[in-house]
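Working notes, structure below.
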Protein chains: 2
Amino acid sequence: MRASELTLVRNLPLFHEVADPHFEYLTAAALLQRFPPHVVLIDEGALPDFLHIVVEGSVELFAAHDGRETTIDIIRPVTTFILAAVIRDEVYLKSARTLTEALILMLPAEKVREVFSKDAAFARAVVNELALRYRGVVRALKNEKLRSSAERLANWILKSDEQQGRAGHVTFACDKRTLASQLGMTPENLSRNLSLLSKHGIKSGSREIVIENRSALSAFAQPTSLIDG
Amino acid sequence: MRASELTLVRNLPLFHEVADPHFEYLTAAALLQRFPPHVVLIDEGALPDFLHIVVEGSVELFAAHDGRETTIDIIRPVTTFILAAVIRDEVYLKSARTLTEALILMLPAEKVREVFSKDAAFARAVVNELALRYRGVVRALKNEKLRSSAERLANWILKSDEQQGRAGHVTFACDKRTLASQLGMTPENLSRNLSLLSKHGIKSGSREIVIENRSALSAFAQPTSLIDG
DNA sequence: AGACTCGCTTGATTTTTATCAAGCGCCGAT
DNA sequence: ATCGGCGCTTGATAAAAATCAAGCGAGTCT
């Protein structure tokens, strides 16, 4: 593994305070692997062998049941995913697959649990990470149950614009099919919702969205830190 | 506070391994309070002052936004709730109110965080608790997004029957309005779904449900440990 | 260049769920 | 026992979202 990637991981809040020997112990047995797009990394129902960390690319967390499928989250660098199953040594509740080509660091689950029980600083960092993720899922649940699909889209546009520097034009990082799934709607309804939102301050092109009237969009979206973070 | 309640709390996985002086420190400043039904204990958006523990009665976690409201979970004794906000010292994302009369133990949030940073055993117990809760919310999200309202009800019946000893008859712990909210449907649809399920092995009375054909109900419900735990 | 592919859009229809509006029945109070 | 009240049920309607079915259009391949 290259030093640059190790540094990236070392700088994650999760590993920043871990004692040097413990960090070396974890990474000595780590695997750094490059995957093509659309490869399944984790199958729900399986027991965790590794703690996964996205170093490059993006990963979709999803779940399937009885023929239906739903996207739960999209993970971008540099982030761990599905920590809870690793810590509790219980089956994964979600599956994971690459969306793009991706570079994934995998730390042996057993060693993560070992360091967790020896290294108090790591244990505290795990708590913070888990608490953060917990809050993320609660937000997702509220977003789903308290908003219509058009409102979810409107808030996604506002949030993406923030992340892209409030420039007033949002570019799609993935195809619309994936975006629709992420927002909990069909591609058809994403299309309809985009044209609906043209009545609320946006203009949507094929590759980007332009925010022409932020306050109108905001009035429709009703963003709140209690859902949108 | 009475010794019997202290013992109950002490026996929670969260507090079982905490060093004696730390446990005493936490509980010395604790408040044990009895609340009438339908009292709001926590307002989403507020900063946490206490870690709450339900000792008796039941508490509903819910969230509201833009005139809509949704039940997120029902908490029964003996359990802590909304630990993540306390640990991170960030605003609550959910509100809480008593459903029945309830006895609530409240530990000062500041002291919880203090013991958390001093007591490694407590930190590890917090991780386990948070990981468990995290998985609970993921299950709730999957239940919501991968199932119809009738399927949620069918699985609720099966699960309640398990918890009541597989006797084949489930009694309602709360009124149907509350149950409907918990299952993410209107009271009208709960009623319709109950009559729908009479085609799938149940007989529903006003105070209880009888499972007449468990395998038929199960075939309709498609229960799975990846959602139902 | 022309035709093809594939992703996106648009329209029509169905399913699911919520909302509105009566009606029914159990239970307590008088 | 009878009268009200209230929670539950039932029916009719409406809204939201999924599904089915074409059509369009920006790229690519030959």
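Naming: A, B, ... by sequence-line order, numbering from 1 per chain. What you see below is based on every heavy atom in this structure, not just the backbone, and it leaves out hydrogens, waters and symmetry mates.
Between the side chains of A:T178 and A:E60, no donor N or O sits under 3.5 Å from an acceptor N or O. Side chains of B:R192 and B:N189: a donor-acceptor N/O pair is present below 3.5 angstrom, by distance only.
A salt bridge links B:E69 to B:R97: at least one charged side-chain nitrogen sits closer than 4.0 Å to a carboxylate oxygen. For A:K142 and B:E44, the salt-bridge test passes: some basic side-chain N is under 4.0 Å from an acidic carboxylate O.
Figure legend: cation-pi geometry between A:R207 and A:F172 absent, as NZ or CZ is not positioned both under 6.0 Å from the six-membered ring centre and within 45° of its axis.
Looking at residues 57-72 of chain B, you'll see that no heavy atom sits under 4.0 Å from any atom of DNA chain C. Of the residues in residues 169-179 of chain B, those lying under 4.0 Å from DNA chain D by heavy-atom distance are B:D175, B:K176, B:R177.
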When you look at B:N213 and B:S215, which way does the side-chain hydrogen bond (donor to acceptor under 3.5 Å, both in side chains) test go after all the steps?
-> CA-CA 6 Å; B:N213 185 340; B:S215 58; 3.1 Å; yes
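Taking the six-membered ring where tryptophan is involved, the planes of A:H52 and A:Y92 are perpendicular, since the angle between them exceeds 60° and thus also 30°.
To the nearest angstrom, C1' of D:dG7 lies 9 Å from CZ of B:R207. For B:L190 and D:dG7, the CG to P distance is 15 Å, given to the nearest whole Å.
Of the residues B:L41, B:L51, B:V86, the one that meets the side chain to side chain contact (heavy atoms under 4.5 Å, CB included) test with B:F81 is B:L41.
The side-chain hydrogen bond (donor to acceptor under 3.5 Å, both in side chains) analysis of residues 220-229 of chain A, with sequence neighbours excluded, yields the pairs A:R147-A:D228, A:Q222-B:D66.
Computed from C1' positions of five pairs at each end, the angle between the two local axes of the helix from C:dA1-D:dT30 to C:dT30-D:dA1 equals 20°, rounded to 10 degrees.
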Sugar-phosphate or base contact per nucleotide [nucleotides 12-28 of chain D; S, B, -; heavy atom under 4.0 Å] = B----SBBB--------
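At least one donor-acceptor pair under 3.5 Å links the side chain of B:T98 to the backbone N or O of B:V39. In this structure, the side chain of A:T79 does not engage the main chain of A:I75 through any donor-acceptor pair within 3.5 Å.
Taken from CG in A:L130 to CD in B:E129, the straight-line distance is 11.5 Å, to the nearest 0.5 Å.
By the ring pair (Phe, Tyr, Trp, His ring centres under 6.0 Å) test, A:F35 pairs with no residue at all, sequence neighbours left out.
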